[in-house]
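Working notes for the structure below.
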2 protein chains.
Amino acid sequence: MAGKTREHSLPLDTILAGDCIAEMERLPAESVDLVFADPPYNLQLRGDLHRPNNSKVDAVDDHWDQFDSFAAYDAFTRDWLSAARRLLKPDGAIWTIGSYHNVFRMGAAMQDAGYWILNDVVWRKTNPMPNFRGKRLTNAHETLIWASRSEKAKYTFHYEALKAANDGVQMRSDWTFPICTGHERLKNARGEKAHPTQKPEALLHRILMATTNPGDVVLDPFFGTGTSGAVAKMLGRHWIGIEREAEYRDLAQARIGMVRPVERAALQVSTSKRAEPRIPFGTLVERGLLRPGEVLHSLNGRHSAQVRPDGTLAAARETGSIHQVGARLEGAPSCNGWTYWHFKREGKRVPIDALRQQIRDELAAMR
Amino acid sequence: MAGKTREHSLPLDTILAGDCIAEMERLPAESVDLVFADPPYNLQLRGDLHRPNNSKVDAVDDHWDQFDSFAAYDAFTRDWLSAARRLLKPDGAIWTIGSYHNVFRMGAAMQDAGYWILNDVVWRKTNPMPNFRGKRLTNAHETLIWASRSEKAKYTFHYEALKAANDGVQMRSDWTFPICTGHERLKNARGEKAHPTQKPEALLHRILMATTNPGDVVLDPFFGTGTSGAVAKMLGRHWIGIEREAEYRDLAQARIGMVRPVERAALQVSTSKRAEPRIPFGTLVERGLLRPGEVLHSLNGRHSAQVRPDGTLAAARETGSIHQVGARLEGAPSCNGWTYWHFKREGKRVPIDALRQQIRDELAAMR
DNA sequence: TGCCATGGTGAATCTATTG
DNA sequence: CCAATAGATTCACCATGGC
């Protein structure tokens, strides 16, 4: 049993050979932005894994034998989830994928390890394998779990980009993709499919586009034939793969070598207003876009207030920020003053947000 | 603390008042064919949530959904799963439903308890509540787990009936239904929604039609307003509900009292292979647009046939798809059942194609 | 009667920054 | 650490009411 060796620096854009837990333990803590993990779930649950206590159990009862196997799988799952969590930056996140054979145990282990589930996502397969015996439903989906390192983490999520990719409505938790077939499906030297569970690149594309930024580091502890690495490289993200099987490593290395990264400028995605620089309302007054004493009107026309020199508003009985006065006048818990208050220009009512945008445009032109 | 009393005989078609674990422990072992369980999800909501228009979301903050820790929730889950398993006949099965908050723990506990998972099923909601803050994906599905009492169980599964209800192709593991709204949603005396998590009858219809037989006993330990009981009664299954809250029990009792069971002859489902219907007529039945047992009339008024729960028709001497029965009755080589068969609404004869169009519109709206 | 505008609501782990 | 405040954010469906 090898002792834990000194942590080495981050081996970006490489495939590490070996057991994923041992390899992860050698990497520096808090160095990875995203973990993508597609762990084995077709494990023979009959002694293939080491048992936690190494004891031999007489298989006299199926139930207990099964429980023993579950315990071994759970121990394995706890170990790799724990090692991965150590590597994640405080605001990092993880995606895992599985089927009903393992995903419930894995999800529970994620919660127990301190991960904070953000969504479970269903991958609906357009072309699943039928159930040949007609004894169950066609198993037409797999389940992904998206979780942040902790409840407090400020995870990356490109909401607007996903919404744009979905014809302008929020992306849902069910995603429809075909399974990996045709040219995308890697073959080995014998012409057979190289890996039994190769994931479609479209799935990784959506995951990496939505929950990482260009330049981020993506770690895949069950690299297989390197789908996550190939998509990460294409999208300008760094990747690290860990894989035990030499044949998979070789295929992945060759595959990723063929990938041509997208131009850096083409990696831009839609952003929300939250990403824009903050402009205090007072700036509008300072710059003379609004005059002190000028009267603003509410969206519904029922209220009005006067601009004061310090960037506060004065209504009949309320005084404060554009948001505070709007909220109090409406009896609402909160109010976005930028879209609530309007001023008049050439007879038309214009939201003060237009003036903020004007300043933002000027700032952007200066850069 | 009451001791465990003598097991009493099976109280068919009644609602038991009390804690589900205690009540289940008093019922005789191996007496139930199917358990349907919609347990508390253990949502861990932090603060209030408002919609962009400042209205407040009516959250599930009921006391019955509060647990102190994962450990407390797990203990509760283990206990009721164990009590339910004792009640199941050796070939019995269970359906559970949950969201990412609880379903992983629940699924793992099911495996640990000795249940054998047959499928996980995704209920895709056509009209989920959006994510108002744009911080996550729209949580647009819930997960069901279908499991037999043990690996060896010869569970009930009406493969052909489901296939018939699904356009002649195998039923998949992702099911699409709207959430429970409108007239189906029970209101309390104050005109508010009676229960925060009422499930759609269409969901229970598919479950009971596919995995029980007429006359079977269906136990629901978290009965709520009795959706499972109402559908069980309609489909000629026996039901037993357990519910702690008197208000829910009263509403469920009244609701189930209104249910008119389908004629026994109308409960027959397909058991042999037949030609693939080109249209999923069964969807109309699942969604309650047509009742099993309802009589359809031919275009020329000379023939009639009864709707069966799996979307086939039964005429005097003919049985099969809407197209087959129409063709045979007319002595024609073929027949478009969609335009041939009519139902009555408010005295008018309407082609069933109008109902198909209604569903198509819904599907088109969700792309 | 129909059509359209308006308003309500659903199992929700739903913010970020400054002081 | 907490408190205060800025300010960003929604889809499908159903019920109601006006014209």
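Below, chains carry the letters A, B, ... as their sequence lines are ordered, and counting in each starts from 1. Computation of the quantities below employed the complete heavy-atom set of this structure, encompassing side-chain atoms and omitting hydrogens, waters and symmetry-equivalent molecules. Here the structure is a predicted model, which means the values were calculated and not measured.
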Sugar-phosphate only, base, or nothing, as touched by [X] at under 4.0 Å among non-hydrogen atoms:
{"X": "A:Glu160", "result": "sugar-phosphate"}
{"X": "A:Phe281", "result": "nothing"}
{"X": "A:Gly337", "result": "nothing"}
{"X": "B:Asn42", "result": "nothing"}

Handout entry: Along DNA chain D (nearest heavy atom to each residue), the more 5'-positioned of A:Tyr159 and A:Pro333
Key = A:Pro333
Using the [atom1] atom as the point on both nucleotides, what is the distance between [M] and [N], in whole Å?
{"N": "C:dA11", "M": "D:dA15", "atom1": "C1'", "value": "23 Å"}
{"N": "D:dA12", "M": "C:dT13", "atom1": "C1'", "value": "23 Å"}
{"N": "D:dA8", "M": "C:dT18", "atom1": "P", "value": "14 Å"}
{"N": "C:dG10", "M": "C:dC14", "atom1": "C1'", "value": "15 Å"}
{"N": "C:dG8", "M": "D:dT10", "atom1": "C1'", "value": "13 Å"}

For the base of [N], is there a side-chain donor-acceptor partner from [X] under 3.5 Å away?
{"X": "A:Ser334", "N": "D:dA8", "answer": "yes"}
{"X": "B:Arg51", "N": "C:dG8", "answer": "no"}
{"X": "B:Arg136", "N": "C:dT13", "answer": "yes"}

Among [options], which is the nearest nucleotide to the side chain of [X]?
{"X": "A:Gln170", "options": "C:dT9, C:dA11, D:dC11", "value": "D:dC11"}
{"X": "B:Lys199", "options": "C:dA11, C:dT9, C:dC14", "value": "C:dA11"}
{"X": "B:Asn127", "options": "D:dC13, D:dG7, D:dT10", "value": "D:dC13"}
{"X": "B:Pro130", "options": "C:dA12, C:dA11, D:dT10", "value": "D:dT10"}
{"X": "B:Pro52", "options": "D:dT10, C:dT13, C:dA11", "value": "D:dT10"}
{"X": "A:Arg278", "options": "C:dG10, D:dT9, D:dA6", "value": "D:dA6"}
{"X": "A:Gln324", "options": "D:dG7, D:dT5, C:dC14", "value": "D:dT5"}

Problem - Ring-face cation contact, B:Trp175 with B:Arg124, 6.0 Å cut, 45° max - result: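 Judged by the rule (NZ or CZ under 6.0 Å from the ring centre, within 45° of its axis), B:Arg124 is not positioned above B:Trp175.
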Handout entry: NZ or CZ of A:Arg85 within 45° of A:Tyr115 ring axis and under 6.0 Å
Key = yes
Exercise for the section: With DNA chain C as reference, determine whether B:Val57 or B:Lys135 sits nearer its 5' end, using the nearest nucleotide of each. Expected result: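 Closest to the 5' end, via its nearest nucleotide, is B:Val57.
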Handout entry: Earlier contact from the 5' end, DNA chain C, for A:Arg274 and B:Thr181
Key =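 It is B:Thr181 whose nearest nucleotide is closer to the 5' end.
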Handout entry: Protein-nucleotide distance (A:Lys163, atom NZ; D:dT10, atom C1'), rounded to Å
Key =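 For the pair A:Lys163 NZ and D:dT10 C1', the rounded distance is 7 Å.
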Fill in the blank from the handout: Expected label for C:dT6 (glycosidic angle, syn inside 90° of 0, else anti) would be anti
Problem - Ring centroids of A:Trp116 and C:dT13 base under 5.5 Å with planes under 30° - result: yes
Exercise for the section: State, with a plain yes or no, whether a side-chain heavy atom of A:Arg356 is found less than 4.5 Å away from one of A:Trp338. Expected result: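 In short, these two side chains touch, coming nearer than 4.5 Å.
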Problem - Side chain proximity check, B:Leu290 to B:Ile352, heavy atoms < 4.5 angstrom - result: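 Yes; the side chains approach each other to less than 4.5 Å.
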Fill in the blank from the handout: DNA chain C in dot-bracket form (Watson-Crick or G-U pairs under 3.5 Å, [ ] crossing, | inter-strand) is .|||||||||....|||||
Does [N] have OP1 or OP2 under 4.0 Å away from a side-chain N or O of [X]?
{"X": "B:Tyr73", "N": "C:dT13", "result": "no"}
{"X": "A:Ser321", "N": "D:dA6", "result": "yes"}
{"X": "B:His183", "N": "D:dA15", "result": "yes"}
{"X": "A:Arg172", "N": "D:dT10", "result": "no"}
{"X": "A:Asn336", "N": "D:dA8", "result": "yes"}
{"X": "A:His323", "N": "D:dA6", "result": "no"}
{"X": "B:Lys193", "N": "C:dG10", "result": "yes"}

Exercise for the section: Output, in order, the C-alpha distance, side-chain angles, deciding distance and verdict of salt bridge (Lys or Arg N to Asp or Glu O under 4.0 Å) for A:Lys273 and A:Asp353. Expected result: CA-CA 11 Å; A:Lys273 281 189 180 172; A:Asp353 204 20; 2.9 Å; yes
Handout entry: Atom pair OG (B:Ser228) and CD (B:Glu201), whose distance is rounded to the nearest 0.5 Å
Key =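 Here the rounded value is 10.5 Å.
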Practice task
Measure the spacing between CZ of A:Phe343 and CG of A:Leu289 and express it to the nearest 0.5 Å.
Solution key: 8.5 Å
Exercise for the section: Evaluate salt bridge (Lys or Arg N to Asp or Glu O under 4.0 Å) for A:Asp112 paired with A:Arg78, printing each intermediate quantity in order. Expected result: CA-CA 9 Å; A:Asp112 291 342; A:Arg78 270 197 304 274; over 6 Å; no
Exercise for the section: Give me the one residue out of B:Trp80, B:Trp95, B:Phe36 that meets ring pair (Phe, Tyr, Trp, His ring centres under 6.0 Å) with B:Phe222. Expected result: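 That would be B:Trp80; it is the only one of B:Trp80, B:Trp95, B:Phe36 passing the ring pair (Phe, Tyr, Trp, His ring centres under 6.0 Å) with B:Phe222.
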